[in-house]
Amino acid sequence: MSNVFIAILVGIVSMVTSAIVFPMALRFAKKHGIVDNPNARKLQRIPVPVFGGIVVYVGILAGSLLLMFLMPNTILMWGLVAMAIMLGIGIWDDVKNISASLRFLIEILLIIGFISITDVYIDNLHGLWGIHELTQEVGVSLSIFAGVGIVNAINLIDGVDGYSSGYGIMACLCFAIAFWSVWSPVLVCMAIVIIGALVPFFLHNVFGVRSRMFIGDSGTLMLGMLMVVMSFYAISSKSSLSTMEQHNFCIPAFLVAVGCIPLLDTIRVMTMRILRGCSPFKPDKTHLHHLFIDMGFSHLGAALFILFVNAMIVLVWLLAWKIGLSIDIQMYIVLSLGLLVTFGFYKFMKVQQYGSQNGTKLWQAMCRLGSWTHCENKHSWKAMREFVDGPMMGKLQNTDKYD
């Protein structure tokens, strides 16, 4: 059986499983009141079921079990274990709202456990700033810091419909292409499995009315852990991607480009909270996606605009590599573009928002652009909504009081 066929097969299994499980998870969440209630900080106006993480998990699990049967890989198994544990922590947080400090402690212990068992972590910078192999102490410390940062960055972007799941799809597509280039079939297939599990949820989350559901902390924390595992496999000296170092391929710049907007936006938000004398974990409406909502963008419009910018940063990095720029310059370009968007653009547009009574002309122009992203009354949008609320839900769509 060819590797291409296996990749297609496990992706389809993951997608179909996720689609089948979705209505059951939705019914369970509604029946037991597992919902995200509206408040002053949140953007929805009615309670929304928050059990999407289970849907994505079951889809990934089904595809991964088939993958491990076809391509036995013990290291992959430990990534699935870490994913399951993070899912459990997220469900606990969705139901009981555990403290940020306890969640951070669990995340640190989980990342340490994964590193201890697999010996896969950031042990090499592949020539960035002249640094190659790292000592174990430095590498493990850096991995813990980066891992916790990635997990929480993914968790914090879950503010508009389609953003976190759309980001997961985009990031895994980048990982699949990168691992394909060095022919690492297990990791290519794993990235496709994640994409397959996310697609049905993305459709319901964006287009659904009766079938709308949030991914919740269970989903974003699990997705964040998966991004950590993929990133560690990419940068580890044990990875086949490390062979690209001799071709001037800056692996750290590639990883930063893929996670650019979520990571730098989280750093900006937390920095500004600290400067205001607040806890860095105190929720507010200062993320980049909130800015686009203020400009009148739809949820999908805001998510796609940000993901498009992130994808453009990845493409600019790719161009920088292809034209032969040094690995240090590749990293500087990625960081500069990311900071320009998350810090510069955000601050600039906030100045435009309050530049006059109704905002400056530039602000008003962006608001007009945002208004064009509202497609709810267009035929194509209605057709997709009828599809996800009808055929994709079967007989389970008529449930309870939250409809």
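Heavy atoms only: backbone and side chains are in, while hydrogens, waters and symmetry mates are out.
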Check whether any side-chain heavy atom of Tyr167 lies under 4.5 Å from a side-chain heavy atom of Val258, and answer yes or no. yes

With rounding to the nearest 0.5 angstrom, report the CG to CD1 distance, Leu198 to Ile60. 6.0 Å

Output field: ring centroids Phe175/Trp180 closer than 6.0 Å: no

Geometric class of the Trp317/Phe249 ring pair [parallel <30°, tilted 30-60°, perpendicular >60°]: perpendicular

Any heavy-atom pair between the side chains of Met384 and Val206 that's under 4.5 Å? no

Would you please classify the geometry between the Trp129 ring and the Tyr332 ring as parallel, tilted or perpendicular, with 30° and 60° separating the classes? tilted

Under 3.5 Å, is there a donor on one side chain and an acceptor on the other for Asp265 and Thr342? no

Partner residues of Ala146 under the side-chain contact (heavy atoms from CB on, under 4.5 Å) criterion, sequence neighbours left out: Ile122

CG (Leu26) and NZ (Lys30) are apart, to the nearest 0.5 Å, by 4.5 Å

Does any non-hydrogen side-chain atom of Val388 lie less than 4.5 Å from one of Arg210? no

Measure from the side-chain N and O atoms of Ser371 to the backbone N and O of Arg368, and report whether any donor-acceptor pair falls under 3.5 Å. yes

Determine, stepwise, if the pair Phe104 / Phe281 fulfils ring pair (Phe, Tyr, Trp, His ring centres under 6.0 Å). CA-CA 11 Å; Phe104 264 71; Phe281 310 112; 4.9 Å; yes

Looking at side-chain heavy atoms only, is the closest gap between Leu102 and Trp92 below 4.5 Å? yes

Euclidean distance, Ser218 OG relative to Phe51 CZ, rounded to 0.5 Å: 7.0 Å

Is there side-chain contact between Met225 and Ile154, with heavy atoms separated by less than 4.5 Å? no

Would you compute the distance between atom CD1 of Ile251 and atom CG of Asn124 and round it to the nearest 0.5 angstrom? 8.0 Å

Have Asp284 and Thr286 got a donor and an acceptor in their side chains that come within less than 3.5 Å? yes

Taking salt bridge (charged side-chain N to carboxylate O under 4.0 Å, His left out) as the cut-off, I'd like each qualifying pair that reaches into residues 143-166, sequence neighbours left out, listed once. Asp161-Arg212

Salt-bridge contact Asp389-Lys382 (side-chain N to carboxylate O under 4.0 Å): no

Ser141 (side chain) donor-acceptor with Val138 (main chain) under 3.5 angstrom: no

